[in-house]
Amino acid sequence: MSRYRIAADIGGTFTDVVLYDKQTGKYQTAKSPSTPEDLSLGVLNGVNKLISNLKDVDFFVHGTTAGLNAFLERKGADMSLIVTKGFKDIYEIGRANRPEIYNIQYRQPKRLIERRDVFEVNERMLADGSVDTPLNEEEVLKIIDTITERGLNSVSICLLHAYNNPEHEKQIRHWINEYLPHVSVSLSHEIVREWREYERTSTTIINAYIAPIVERYLKKLDDETKKKDLDSELYIMQSNGGVMTAEIAKKIPIQTMMSGPVGGTIGGTEIGQTNKLQHLICVDMGGTSFDVSMIVNGQPDVTSEAKLEKFPIMTPMVNIHTIGAGGGSIAWVEGGGLRVGPESAGSNPGPACYGNNGKEATVTDANLVLGRIDSEGFSSSDMQLDYRSAYNVIEKVAEKLDLSVVETAEGICDIANAKMADAIRTLTISKGIDPRDFALVAFGGAGPMHAMFIAEKLGINKIMIPSMAGTFSAWGMLQTDIRHDDVRTYVSTMEECDNGIMNRLYHEMKTDTDKILNQQKISEKDRVFTYLSDLRYAGQEYTVTVPLSSNEVTNQNLKHLITDFHEKHLNIYGHNNPEGQVEIVNLRLTGKGLLKKEQRSKGIDNKNGRASSPRSKPVIWKSVEKETTIYSIFDLTPNKSALGPMIIETSSSTVVVPEDFNVVLDSSGSLEITRRNHT
């Protein structure tokens with residue numbers, strides 16, 4: 001019987017690895033510097049710190065940034081786009097609007113594909129799926145010759161109304177595979193099977209842009225883990241909160257775009273269930289970025305349409321807002337004012353205090369100067385920090401501002417905290433949601449250092465710090481199930497909708513999803529399906545996704561669907577119209593393959609074998625130096641209160657607790673922190 005489950009999450013600075021031992025019921029964690037030149041090296045280095053041979057591992061899940069990095073750095077594939085004749089400029093024109101109407105500096109993002117590499121084919125599907133103009137093989141073969149001449153290695157195909165009848169897309173792929181078997185092909189109906197030509201085209205192009213990079217990366221990682229005797233499947237975290245096998249991920253790599261940060265959201269769901277908290281704001285602060293997501297009514301906030309670098313993506317994703325604010329965010333001076341981020345020192349050279357010849361002041365350097373980090377016990381005690389280097393780079397910034405080193409260090413942290421609080425407001429206050437109704441779950445290597453300061457700015461009174469905060473996203477990946485989402489466009493008023501057609505479309509989606517789950521070896525008894533629909537008031541553009549009350553469309557459950565839509569529209573937008581005409585736009589189905597998950601951890605291995613004695617050291621609090629008690633997480637007694645100010649050190653993070661905060665260690669090893677003096 002296999003003994004271990006393992007998860008790896010690549011961050012901008014560190015790669016986190018969590019190993020669960022089913023025999024002891026305990027977790028072990030490790031951090032290894034990320035290796036941008038070859039991301040798999042950072043993963044394998046972290047794994048090697050915990051286990052040298054993978055033969056006893058029955059579940060290996062990985063959150064990869066290979067696709068996201070290729071997209072953000074514009075290092076994707078050289079590709080082409082094939083469209084229906086007359087629609088060559090659909091990607092260039094977009095929605096022909098200006099999203100930020102009052103921003104005089106707004107610029108459209110640079111397209112991922114050159115217009116000269118967009119090819120038209122003389123074919124036409126009608127909106128009802130019938131063929132108006134058939135494909136011409138000779139015309140397609142000429143396009144294939146051009147693709148060969150230009151050395152393009154990825155093709156995206158997005159034909160008009162292919163969401164209703166994909167036969168022409170499939171035929172073009174057949175010809176490309178026959179003549180160019182080494183070229184990656186992305187079909188729009190396999191990536192997103194719903195209407196809106198521009199959004200569907202944009203999503204397919206992004207998938208094609210990152211496909212060869214993700215395919216190569218996953219193949220290499222799969223090969224390397226096999227060399228280490230991994231017999232089980234390699235699983236990849238998806239942006240929708242589920243996992244999929246590496247083989248499926250190679251076909252739809254766009255689902256891996258946000259796979260790392262999503263692990264933390266799923267972990268936050270588990271924390272909420274354990275502590276009976278329904279509404280949570282999850283914040284992940286690593287070395288490079290600050291990611292914010294929400295859990296509402298015990299479920300992750302998932303959106304079916306998002307934007308990345310101003311490009312629309314129509315695929316289910318956990319709604320995550322990311323800004324460039326992490327421990328490695330660089331402090332700089334412009335126009336006599338202090339700025340922090342978004343540029344980061346990354347893992348190489350990293351903050352100056354890492355001793356890798358870093359020359360720029362960062363948030364981590366500021367925290368070290370303020371005494372909030374232990375220079376000798378950072379990152380599981382296998383990295384020592386250079387205080388003098390941190391002081392020197394902060395001093396250079398201070399001289400430009402005519403401030404003291406301490407004032408500058410506090411200013412760097414205050415600006416970072418303000419930026420992170422604003423990021424949370426983007427997902428909450430700007431949408432009519434009061435963050436004071438939520439608990440804050442803070443994780444990542446730097447999240448617990450800043451969580452209490454962020455909570456104060458937002459009026460949040462409860463903060464949860466998970467027991468493995470520094471590697472929490474990797475831990476969250478061990479709490480997931482396999483997931484596959486499908487969609488079909490069906491536009492009709494509720495009064496005129498055809499139950500038979502809707503049931504046929506749902507059955508079609510279930511059949512396709514069953515095939516995906518079969519490929520991933522999920523048994524029938526472990527499959528769970530959720531039926532949903534996108535509804536709107538007649539005349540509106542945006543939809544609200546509402547679940548059906550059963551797995552079959554009947555007149556009765558359609559009435560319940562309308563009632564639920566009115567209620568949900570009121571909750572989201574603050575108004576509704578119970579007498580208004582309601583339209584169905586899309587039908588959705590989510591299929592889950594339930595994976596075996598172990599009981600909650602009995603704890604984390606204490607490598608020292610015993611608790612250390614609390615000590616004290618000077619720490620700067622509001623510009624005043626105070627002697628402050630430094631605890632190890634193992635010093636704390638479960639369910640016993642402790643009052644700030646204090647600093648709590650864990651195996652992978654440091655928790656900074658100002659005064660007016662009360663700390664309780666729960667039985668699972670998580671810290672529950674509340675503000676004492678709030679109204």
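Atom set for the values below is all heavy atoms of this structure, side chains included, hydrogens, waters and symmetry mates excluded.
- His62 contributes a side-chain N or O that, together with a main-chain N or O of Ala8, makes up a donor-acceptor pair within less than 3.5 Å.
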Apply side-chain contact (heavy atoms from CB on, under 4.5 Å) to Asp374 and Arg615, showing your working. CA-CA 12 Å; Asp374 183 359; Arg615 65 190 193 281; 2.8 Å; yes
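- Here the CG atom belonging to Leu458 is positioned 14.0 Å from the CZ atom belonging to Phe453, to the nearest 0.5 angstrom.
- The salt bridge (Lys or Arg N to Asp or Glu O under 4.0 Å) check on Arg425 picks up Asp422, with sequence neighbours excluded.
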Can you list the steps and then say if Ile373 with Leu385 is a side-chain contact (heavy atoms from CB on, under 4.5 Å)? CA-CA 9 Å; Ile373 306 175; Leu385 301 183; 3.7 Å; yes
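- Going from atom CD1 of Ile323 over to atom CZ of Phe290 covers 6.5 Å, rounded to the nearest 0.5 Å.
- Counting heavy atoms from C-beta outward, Arg74 and Glu309 have side chains that approach closer than 4.5 Å.
- Scanning both residues, Ile313 and Met317, for their nearest heavy atoms gives CG2-SD, 4.1 Å.
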Walk me through it: do Val397 and Leu338 pass the test side-chain contact (heavy atoms from CB on, under 4.5 Å)? CA-CA 8 Å; Val397 177; Leu338 180 61; 3.8 Å; yes
**Q.** Residue pair Lys26, Asp21: steps toward the salt bridge (charged side-chain N to carboxylate O under 4.0 Å, His left out) verdict
**A.** CA-CA 6 Å; Lys26 290 185 178 294; Asp21 186 334; over 6 Å; no
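- Under the salt bridge (Lys or Arg N to Asp or Glu O under 4.0 Å) criterion, Lys400 pairs with no residue at all, not counting sequence neighbours.
- Of the inter-residue distances, the one linking Ile424 atom CD1 with Lys419 atom NZ reads 14.0 Å to the nearest 0.5 angstrom.
- Residues forming a side chain to side chain contact (heavy atoms under 4.5 Å, CB included) with Glu343 (at least two apart in sequence, or on another chain): Ile330.
- Without hydrogens or angle criteria, Asp365 side chain to Cys353 main chain gives a donor-acceptor distance under 3.5 Å.
- The side-chain heavy atoms of Leu665 and Thr637, taken from C-beta on, include no pair separated by under 4.5 Å.
- For the pair Arg339 and Val333, the minimum side-chain heavy-atom distance is 4.5 Å or more.
- Taking 4.5 Å as the limit, some side-chain heavy atom of Pro448 sits within range of a side-chain heavy atom of Ser653.
- Of the residues Gln238, Met237, Met477, the one that meets the side-chain contact (heavy atoms from CB on, under 4.5 Å) test with Ser259 is Met237.
- Here the straight-line distance linking atom CD1 of Ile648 with atom CG of Asp635 works out to 9.5 Å at 0.5 Å rounding.
- The nearest pair of heavy atoms linking Gly241 to Thr480 is O-CG2, 3.7 Å.
- Going from atom OG of Ser239 over to atom CG of Asn319 covers 12.0 Å, rounded to the nearest 0.5 Å.
- Checking Ser473 against Asp284 by side-chain atom types alone, a donor-acceptor pair falls below 3.5 Å.
- Here the closest non-hydrogen pair linking Tyr387 and Val369 is CE1-CA, 3.8 Å.
- No donor-acceptor distance shorter than 3.5 angstrom exists from the side chain of Thr35 to the backbone of Glu37, with no hydrogens or angles considered.
- Tyr217 contributes no side-chain N or O that, together with a main-chain N or O of Ala66, makes up a donor-acceptor pair within less than 3.5 Å.
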request  = Apply salt bridge (charged side-chain N to carboxylate O under 4.0 Å, His left out) to the pair Lys457 and Asp414, showing each step before the final yes or no.
outcome  = CA-CA 10 Å; Lys457 291 181 179 297; Asp414 286 344; 5.7 Å; no
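- Of the possible donor and acceptor atoms, one in the side chain of His279 sits under 3.5 Å from a partner among the backbone N and O of Asn297.
- The ring pair (Phe, Tyr, Trp, His ring centres under 6.0 Å) search around Phe472 returns Phe443, Trp475, not counting sequence neighbours.
- The shortest non-hydrogen separation linking Thr408 to Ala398 is OG1-CB, 3.1 Å.
- The backbone N or O of Glu305 lies less than 3.5 Å from a partner atom in the side chain of Thr303, making a donor-acceptor pair.
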(request) With side chain to side chain donor-acceptor pair (under 3.5 Å) as the test, would you mind laying out the steps for Thr15 and Ser32 before giving the verdict? (result) CA-CA 5 Å; Thr15 294; Ser32 176; over 6 Å; no
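- Scored by the side chain to side chain contact (heavy atoms under 4.5 Å, CB included) test, Pro109 finds Tyr106, Lys310, Phe311 as partners (sequence neighbours excluded).
- Once rounded to the nearest 0.5 Å, the distance linking OG1 of Thr29 with CG of Leu50 reads 7.0 Å.
- Using modelled atom types, no side-chain atom of Ser670 and backbone atom of Asp666 make a donor-acceptor pair closer than 3.5 Å.
- A cation-pi contact, defined as under 6.0 Å to the ring centre and within 45° of the axis, is absent between Arg436 and Phe438.
- Judged purely by atom type and a 3.5 angstrom limit, Glu672 has no side-chain atom pairing as donor or acceptor with the backbone of Lys462.
- Between Arg675 and Glu659 there is no salt bridge, since no side-chain nitrogen of the basic residue lies less than 4.0 Å from a carboxylate oxygen of the acidic one.
- Of all non-hydrogen atoms in Pro349 and Asn356, the two that sit nearest each other are O-CB, 3.2 Å.
- Atom CG of Asn639 sits in a crowded spot, with more than 12 heavy atoms from other residues, nucleotides or ligands closer than 6.0 Å.
- Among residues at least two apart or in separate chains, side-chain hydrogen bond (donor to acceptor under 3.5 Å, both in side chains) pairs with a member in residues 322-337 are Asp291-Thr322.
- Contact check for Phe661 versus Arg676: no side-chain heavy atoms found under the 4.5 Å cut-off.
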**Prompt:** After noting the C-alpha distance and the side-chain angles of Ile51 and Ile6, does the key distance pass the side-chain contact (heavy atoms from CB on, under 4.5 Å) rule?
**Reply:** CA-CA 10 Å; Ile51 185 171; Ile6 195 166; 4.1 Å; yes
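- Using a 4.0 Å cut-off between charged side-chain N and carboxylate O, Glu627 and Lys617 make no salt bridge.
- In this structure, the side chain of Thr269 engages the main chain of Thr265 through a donor-acceptor pair within 3.5 Å.
- A side-chain contact (heavy atoms from CB on, under 4.5 Å) with Arg372 is found for one member of Asn367, Ile620, Val655, Thr628 and no other, namely Asn367.
- With hydrogens and angles ignored, the 3.5 Å screen pairs a side-chain donor or acceptor of Glu410 with a backbone N or O of Ser623.
- Of all the heavy atoms in Ile394 and Thr362, the pair that sits closest is CD1-O, 4.3 Å.
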